[in-house]
Trainee: 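Just passing along the structure, written as structure tokens.
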Protein chains: 2
Amino acid sequence: MHAGGIGSRPAAPTLEMVAREANVSRATVSRVVNGSPKVSPEVLAAVNAAIAKLNYVPNRAARSLASRTTNAIALVVPEDTTRFFGDPYFAAIVQGITRRLDESEYLLNLLISTSDPNRKTVRYLRSGVVDGALVISHHEGDDSLVEAAGSVPIVFGGRPERESDDEIFVDVDNVEGGMTATEYLIATGRRRIGTITGPLDMSAGVDRLDGFRRSMAVAGLPDDAVETADFSVAGSVAATRRLLDRVPDLDGLFVASDLMATGALSVLRERGRRVPDDVAVVGFDDSPAAMSSAIPLTTVHQPSEEMGYEMADLLIRLLAGDTTVSHRNIMPTRLVRRASA
Amino acid sequence: MHAGGIGSRPAAPTLEMVAREANVSRATVSRVVNGSPKVSPEVLAAVNAAIAKLNYVPNRAARSLASRTTNAIALVVPEDTTRFFGDPYFAAIVQGITRRLDESEYLLNLLISTSDPNRKTVRYLRSGVVDGALVISHHEGDDSLVEAAGSVPIVFGGRPERESDDEIFVDVDNVEGGMTATEYLIATGRRRIGTITGPLDMSAGVDRLDGFRRSMAVAGLPDDAVETADFSVAGSVAATRRLLDRVPDLDGLFVASDLMATGALSVLRERGRRVPDDVAVVGFDDSPAAMSSAIPLTTVHQPSEEMGYEMADLLIRLLAGDTTVSHRNIMPTRLVRRASA
DNA sequence: TTGTAGGCGTTATCAG
DNA sequence: CTGATAACGCCTACAA
């Protein structure tokens, strides 16, 4: 269909060419492209005509080289593809981010930094392709990302474990969330309560466990029924099996994410334990997985989509030069009662 | 932690600065950065030292402006975030793409072009930020994307409906796949067979339906039990309800995707129809959803992950100047028997 | 309101 | 092997 087909793409039109076509200077074309008000109507019309005729689109590299801004931000996810696509939590966050970005001129570059989040990602962030970055699912040890913050503004989703005053993040109070879940189990009469935790190199993992421990301590109950997983279904399945082997009389279970809770549910079924009769289960997130689960999950709701929106909003304000953005942005959680507990 | 904190980021080091630090010319630094062999060992060492000392990272905009290549490709997905994250099929494709890209120097820019895939996305592709693009889940009417192919090489995942000789794509034979599924249902004794189709503005939707019709015709069975959905669970649930209302004696069902099949399964359960005893169900994709489904799905396997890999591979070869890449790349499907039929 | 000219950080083409 | 010296396409004072 195109003359010549593949291998002979037409050279992209440039400002220069548009200028010639419209009989004006490059500067003038640049002005109309960037919506400057100081352009006479006739010239504006002529230039727009030339742009349309040549089908001109500004070259982004040249533009950002000259203006020192890219109009793009990166979303860094130090997880492998499977994890990223497997957990609805991420979908919600991304949803919120794109919602905010759609209201702006910014473009999103998704970096699923599967292996080695360090070197490659940091180089990317420092290479000037993006004006700022959003980092979610940050693990302890990914310090290079924090280092990258020296080059470009970064907003974290989830409190970085090594929190310093410089980091900006949005999160929920995971300790409180863990307590809410645990207290509910206790209040409904459970006594032998356990928990499947998230990875302990993430603040969400550590804090939710911490909340569990505190509530158990307050109630004078033992907090030894703890098994660690990695926010994946497979990990949760394995952890739940270990836990049931070790604590056969378990009657309550707080699982640190809804996705993992679905895994726990399947193990409980395979072991013939009725939910919630024999074992009450409380999840965390209130993601779609909670409702579509075989047994709808009682869970600690967190406003994931809003958190994504907020992250993007903070970054955009930061990029706009707003120095008043608050560094700790804590959003509320609440218990949602369904069938599992 | 950083002197000055936010708002006072240090200017990024440039080639120029490295050159000065190492007492050589910019050209020489450029050579070592790009791994040119024609550099003396001493100079190389000196330059590398300077690079390390200054923590230099090349500016991507400048580089691509000068070299007219970006080392990045885009993955365009004309679907909203929910759909994209909701269907494991996409996860598999992305997985395959990143696997191929990890073997190369190319970076992936994910464009979930939610609303208006046209204008914004095309501008992006034409703005020179990527060397090429991968397009999946292409709908009829997204012709602007095809147009964009005039500016940058594009490889499609799934045959574009308006196939012309220029388009390069990888796909399976969906007609054949639809026939395989339908024939299996017929072979196992089903006679009142229906189908839940994908969207009819996508070749995958149309072709699988076509396969169904052909097989039914060959068997001399009626092909009126057809309802259209959109590859989403919600859509499938609604379509299945309509179908059961209209064809109460249904005993076989071919659903155009595994994700939709899970929706169909839930409707069948809600209507008290046993699977596969009362109604046999065959899906399509063989995605993780097929196995984790309440009733493991009998389904038409397609090598999604491989298809992603192949797409990326074709594009990379294209970008490398390989003019011998084949335009129609059809991969095999096969029936996988599980519990649902 | 419009044009001129210099520069953004690299790559690439030449001489040396 | 190394160093000038143009581009690359666009933005932005500064002039006119």
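Chain letters run A, B, ... following the sequence lines, proteins first and then strands; every chain starts at 1.
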Trainee: Please give, in whole Å, the distance from D:dA7 C1' to A:E16 CD?
Mentor: 13 Å
Trainee: Within less than 4.0 Å of OP1 or OP2 of C:dT11, is there a side-chain N or O belonging to B:R63?
Mentor: yes
Trainee: Quick one about A:H139 and A:E161 (side-chain donor to acceptor, distance below 3.5 Å, no hydrogens or angles considered), yes or no?
Mentor: no
Trainee: Near DNA chain D, under 4.0 Å by heavy atom, which residues of residues 31-52 of chain B?
Mentor: B:R31, B:K38, B:V39, B:S40, B:V43
Trainee: Atom CG of A:N71 and atom P of D:dC10: how far apart are they, to the nearest Å?
Mentor: 15 Å
Trainee: Is B:S30 near enough to C:dT11 that one of its side-chain N or O atoms lies under 4.0 angstrom from OP1 or OP2?
Mentor: yes
Trainee: So B:S326 and B:R328, do their side chains get closer than 4.5 Å, heavy atoms only?
Mentor: no
Trainee: Please determine, by modelled atom types, if A:T324 and A:D322 share a side-chain donor-acceptor pair under 3.5 angstrom.
Mentor: yes
Trainee: Answer yes or no: is there a side-chain heavy-atom contact under 4.5 Å between B:D171 and B:M331?
Mentor: no
Trainee: Could you verify whether a donor N or O on one side chain and an acceptor N or O on the other, from A:N55 and B:R126, lie under 3.5 Å apart?
Mentor: yes
Trainee: If you pin B:A27 and A:A61 to their nearest nucleotides in DNA chain D, which one's is more 5'?
Mentor: B:A27
Trainee: Measure from the side-chain heavy atoms of A:T28 and tell me the nearest of C:dT2, C:dT10, D:dG9.
Mentor: C:dT2
Trainee: Of all the choices, D:dG3, D:dC10, D:dC11, which nucleotide is nearest to the side chain of A:N59 once you look at every atom?
Mentor: D:dC10
Trainee: Counting only side-chain N and O atoms of A:S25, is one of them less than 4.0 Å from OP1 or OP2 of C:dG3?
Mentor: yes
Trainee: Picking from C:dT2, C:dT10, D:dC11, which would you name as closest to the side chain of B:L15?
Mentor: C:dT10
Trainee: With a 3.5 Å cut-off and no angle check, do the side chains of A:E103 and A:Y309 form a donor-acceptor pair?
Mentor: yes
Trainee: In whole angstrom, what separates A:R20's CZ from C:dT2's C1'?
Mentor: 18 Å
Trainee: Give one of base, sugar-phosphate or nothing for B:R68, where a contact means two heavy atoms less than 4.0 Å apart.
Mentor: sugar-phosphate
Trainee: Do B:F85 and A:F84 have their ring centres less than 6.0 Å from each other?
Mentor: yes
Trainee: The side chain of A:T14 is closest to which nucleotide in this list: D:dG3, C:dT10, D:dG9?
Mentor: D:dG9
Trainee: In whole Å, I'd like the distance from the CG atom of B:L65 to the C1' atom of D:dA7.
Mentor: 9 Å
